[in-house]
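Down below is the structure, laid out as structure tokens.
These numbers come from a predicted model, not from an experiment. Atom set for the values below is all heavy atoms of this structure, side chains included, hydrogens, waters and symmetry mates excluded.
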Amino acid sequence: PKGLILHGIVDANNKLTALVSFNLSSGSIKVGDTGGVNTDLLPDGWSVDSIILAKTKVNLKYKNKTIGLELYSQN
């Protein structure tokens with residue numbers, strides 16, 4: 001989704017959390033979070049399907065479509 005940026009993934013106590021910014025907000029999201037329901041860090045209707053630490057990737061779901069949001073380093 002436009003305006004959503006993945007900044008990193010944190011693994012604490014065997015729970016994965018993605019650090020993101022969306023529009024003017026920044027914070028953390030976890031599997032099951034849904035925009036417009038329990039977070040303002042995702043567009044309405046989008047949800048976190050999975051977080052993959054090894055690939056620094058967050059899979060987001062919207063309706064019946066899943067897309068991957070990956071972390072890219074800027075060198």
Side-chain angles (χ1 to χ4, degrees):
K2 186 176 182 184
L4 181 62
I5 300 169
L6 176 62
H7 296 284
I9 296 174
V10 176
D11 181 2
N13 299 324
N14 293 320
K15 292 185 179 179
L16 295 176
T17 303
L19 305 176
V20 299
S21 59
F22 178 61
N23 293 335
L24 299 176
S25 299
S26 61
S28 61
I29 54 175
K30 62 188 183 312
V31 172
D33 283 352
T34 302
V37 176
N38 60 355
T39 184
D40 62 352
L41 296 171
L42 292 169
D44 288 354
W46 288 80
S47 62
V48 181
D49 189 53
S50 61
I51 299 174
I52 304 165
L53 181 62
K55 294 185 178 181
T56 57
K57 181 178 180 180
V58 175
N59 287 317
L60 301 173
K61 194 169 226 171
Y62 182 72
K63 297 184 178 176
N64 62 350
K65 183 168 73 170
T66 302
I67 65 143
L69 184 64
E70 296 184 46
L71 182 66
Y72 291 102
S73 62
Q74 296 177 337
N75 294 334

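- Rounded to the nearest 0.5 Å, atoms CD1 (I5) and CG (N23) are 10.0 Å apart.
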Which atom pairs, one a donor and one an acceptor, fall under 3.5 Å between side chains of residues 62-70 and the rest of the protein, sequence neighbours left out?
none

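- Taking every heavy atom of both residues into account, A18 and L6 meet most closely at CB-CD1, 3.9 Å.
- By the criterion of side-chain heavy atoms lying less than 4.5 angstrom apart, applied directly or through intervening Ile, Leu, Val, Met, Phe, Trp or Tyr residues, I9 is not grouped with L19; the two fall into different hydrophobic clusters.
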What side-chain donor-acceptor pairs closer than 3.5 Å can you find for residues 48-61, not counting sequence neighbours?
unit_1, atom_1, unit_2, atom_2, d
S50, OG, N59, ND2, 2.9

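- Between the CZ atom in F22 and the CG atom in L42 there is a gap of 7.5 Å [rounded to 0.5 Å].
- The side-chain heavy atoms of V20 and L4, taken from C-beta on, include a pair separated by under 4.5 Å.
- Shortest non-hydrogen contact noted between T17 and S28 is CG2-CB, 3.1 Å.
- Taken from OG1 in T34 to CG in L41, the straight-line distance is 12.5 Å, to the nearest 0.5 Å.
- When every heavy atom of G8 is checked against every heavy atom of L71, the shortest pair comes out as N-CD1, 4.0 Å.
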